[in-house]
Amino acid sequence: SLGDTNGSHAWRFSVDGTHEDSFRDDASLDQQAMSARYDWHNEKIVVRNSVTATNLNQKPAAYLAGKNTYKDSELKKRNSAPDAFFDAQTVNFASSVEIAGTDNSTLILTPYLRWADVNFLMYLQPGAPVAQSGYQSAGVQAAFVQHYSAVTDITSGFDLDYSEVDLQQFQKTAGPGTYFPVSDYY
């Protein structure tokens with residue numbers, strides 16, 4: 001992380017990365033995150049801007065089948081779903097503006113944008129379908145705070161959000177019987 005404060009300005013930038021291998025075959029986790037923030041203020045206004053982005057790539061290990069398999073030191077390392085995956089990416093942005101009123105009150109407006117994309121193999125389901133989902137949204141949170149004393153505030157406000165969400169699932173191979181055909185579900 002890096003950051004600095006200079007008078008009425010402050011900023012911070014952070015990056016984090018993780019890699020983790022499992023004791024199980026073909027199982028691991030990779031994750032990265034980045035966040036940045038810039039704040040500014042004067043006597044009446046405080047502005048806080050932030051953006052965060054994440055990336056997750058996971059290869060999960062499936063359950064072991066069979067009685068007492070966990071006791072076998074070689075068998076418990078096996079992964080019955082080596083093709084399983086879970087991938088997710090997100091980006092979030094928000095800008096909060098606090099405006100001090102003349103009557104011991106504060107108006108807070110926070111517009112935001114959000115985006116996510118998630119793909120994963122549903123390896124525990126018959127036929128191992130692939131799910132793809134995501135969303136994009138934009139909105140604003142608004143609050144009016146009336147300060148009455150050191151221990152008493154009354155807050156009123158509203159949230160407004162517009163979202164577009166998608167979810168698709170595709171069956172690559174037929175599952176048992178005719179209940180799980182190869183197809184797009186939705």
Side-chain angles (χ1 to χ4, degrees), residues 1-22 27-61 84-122 124-125 130-169 185-186:
S1 289
L2 297 172
D4 194 14
T5 301
N6 184 1
S8 62
H9 302 271
W11 64 274
R12 184 187 74 232
F13 181 77
S14 301
V15 177
D16 181 50
T18 301
H19 173 79
E20 186 176 310
D21 286 320
S22 173
S28 64
L29 169 79
D30 289 295
Q31 182 172 321
Q32 301 83 35
M34 180 279 306
S35 65
R37 181 168 166 168
Y38 173 74
D39 297 352
W40 173 85
H41 68 88
N42 67 18
E43 298 80 32
K44 295 280 187 183
I45 299 173
V46 176
V47 179
R48 295 180 185 95
N49 299 300
S50 64
V51 62
T52 302
T54 65
N55 180 56
L56 171 67
N57 303 108
Q58 183 178 13
K59 293 187 58 63
F85 66 91
F86 184 92
D87 296 331
Q89 294 80 38
T90 66
V91 177
N92 297 294
F93 170 78
S95 181
S96 178
V97 179
E98 293 184 23
I99 303 168
T102 57
D103 57 349
N104 210 23
S105 63
T106 305
L107 175 64
I108 306 167
L109 298 172
T110 308
Y112 60 86
L113 299 169
R114 300 180 298 185
W115 173 86
D117 186 51
V118 178
N119 300 294
F120 59 98
L121 180 68
M122 300 174 70
L124 298 175
Q125 299 293 320
V130 174
Q132 298 173 329
S133 64
Y135 67 84
Q136 305 85 39
S137 67
V140 64
Q141 296 176 321
F144 179 78
V145 182
Q146 183 63 56
H147 309 285
Y148 289 102
S149 71
V151 295
T152 306
D153 290 342
I154 294 182
T155 303
S156 60
F158 67 89
D159 293 355
L160 179 65
D161 184 86
Y162 174 79
S163 296
E164 291 184 5
V165 179
D166 63 273
L167 173 62
Q168 299 176 0
Q169 183 176 328
Y185 289 133
Y186 39 87

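Please read all numbers here as calculations on a predicted model, not as lab measurements.
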Q: For Met122 and Ala131, which heavy atoms make the closest approach, and how far apart are they?
A: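 Nearest pair, atom of Met122 first, then Ala131: SD-CB, 3.9 Å.
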Q: Supply the atom-to-atom distance His19 NE2 to Gln31 CD, rounded to the nearest 0.5 angstrom.
A: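 Here the interatomic distance stands at 13.0 Å.
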Q: For residues Ser8 and His41, report the shortest heavy-atom separation together with the two atoms involved.
A: CB-O, 2.9 Å
Q: Has the side chain of Gln146 got a donor or acceptor atom that lies under 3.5 Å from a matching backbone atom of Asp103?
A: yes
Q: Could you tell me if the side chain of Asn57 sits less than 4.5 Å from the side chain of Gln89, heavy atoms only?
A: yes
Q: When rounded to the nearest 0.5 angstrom, what distance separates CD in Gln169 from CZ in Phe120?
A: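 It is 8.0 Å, given to the nearest 0.5 Å.
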Q: Would you name the heavy atoms of Val130 and Phe85 that are closest together and state the gap between them?
A: CG1-CZ, 4.3 Å
Q: Less than 4.5 Å apart, side chain to side chain, heavy atoms only: is that true for Ile45 and Val97?
A: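 Contact flag for Ile45/Val97 side chains = yes.
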Q: Taking only residues at least two apart or on different chains, which pairs with a member in residues 139-152 satisfy salt bridge (Lys or Arg N to Asp or Glu O under 4.0 Å)?
A: none
Q: Calculate, to the nearest 0.5 Å, the distance between atoms CD and CG belonging to Gln132 and Asn119 respectively.
A: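 The CD atom of Gln132 sits 5.0 Å away from the CG atom of Asn119.
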Q: Please assess Arg37 against Thr52 for the test side-chain contact (heavy atoms from CB on, under 4.5 Å), listing each intermediate value before the final yes or no.
A: CA-CA 9 Å; Arg37 181 168 166 168; Thr52 302; over 6 Å; no
Q: Taking all atoms of both residues into account, what is the closest heavy-atom pair of Asp161 and Arg114, and its distance?
A: OD1-NH2, 3.2 Å
Q: Working to the nearest 0.5 angstrom, can you tell me the gap between Leu121 CG and Phe86 CZ?
A: 12.0 Å
Q: Given 3.5 Å as the limit, does a donor-acceptor pair link the side chain of Asn104 with the main chain of His147, or not?
A: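 Here the side-chain-to-backbone pair exists.
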Q: Is there a side-chain contact between Thr18 and Asp16, using heavy atoms and a 4.5 Å cut-off?
A: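 Thr18 reaches Asp16 side chain to side chain.
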Q: Given Val145 and Glu98, is the side-chain contact (heavy atoms from CB on, under 4.5 Å) satisfied, shown in steps?
A: CA-CA 10 Å; Val145 182; Glu98 293 184 23; over 6 Å; no
Q: Looking at every non-hydrogen atom in both residues, tell me the closest pair between Thr5 and Ala10 and how far apart they are.
A: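 So the two residues come closest at OG1-CB, 3.8 Å.
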Q: Which heavy atom of Leu2 sits nearest a heavy atom of Trp11, and at what distance?
A: O-CZ3, 3.5 Å
Q: Distance from Tyr135 atom OH to Thr90 atom OG1, nearest 0.5 Å?
A: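 Going from the OH atom of Tyr135 to the OG1 atom of Thr90 covers 6.5 Å.
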Q: Output, in order, the C-alpha distance, side-chain angles, deciding distance and verdict of side-chain hydrogen bond (donor to acceptor under 3.5 Å, both in side chains) for Ser28 and Asp21.
A: CA-CA 4 Å; Ser28 64; Asp21 286 320; 4.7 Å; no
Q: Check the pair Tyr38 / His9 against side-chain contact (heavy atoms from CB on, under 4.5 Å), numbers first and verdict last.
A: CA-CA 7 Å; Tyr38 173 74; His9 302 271; 2.3 Å; yes
Q: Can you find a pair of side-chain heavy atoms, one from Trp40 and one from Asn49, that are under 4.5 Å apart?
A: no
Q: Assess the residue pair Ser95 and Val47 against the criterion (side-chain contact (heavy atoms from CB on, under 4.5 Å)); give the C-alpha distance rounded to whole Å, side-chain angles, the decisive distance to 0.1 Å, and a yes or no.
A: CA-CA 7 Å; Ser95 181; Val47 179; 4.3 Å; yes
Q: First locate atom OG of Ser96, then atom CG of Leu109, and finally report the distance between them rounded to the nearest 0.5 Å.
A: 8.0 Å
Q: Starting from the C-alpha separation in whole Å, work towards a yes-or-no answer on side-chain hydrogen bond (donor to acceptor under 3.5 Å, both in side chains) for Asp4 and Asn6.
A: CA-CA 7 Å; Asp4 194 14; Asn6 184 1; 5.9 Å; no
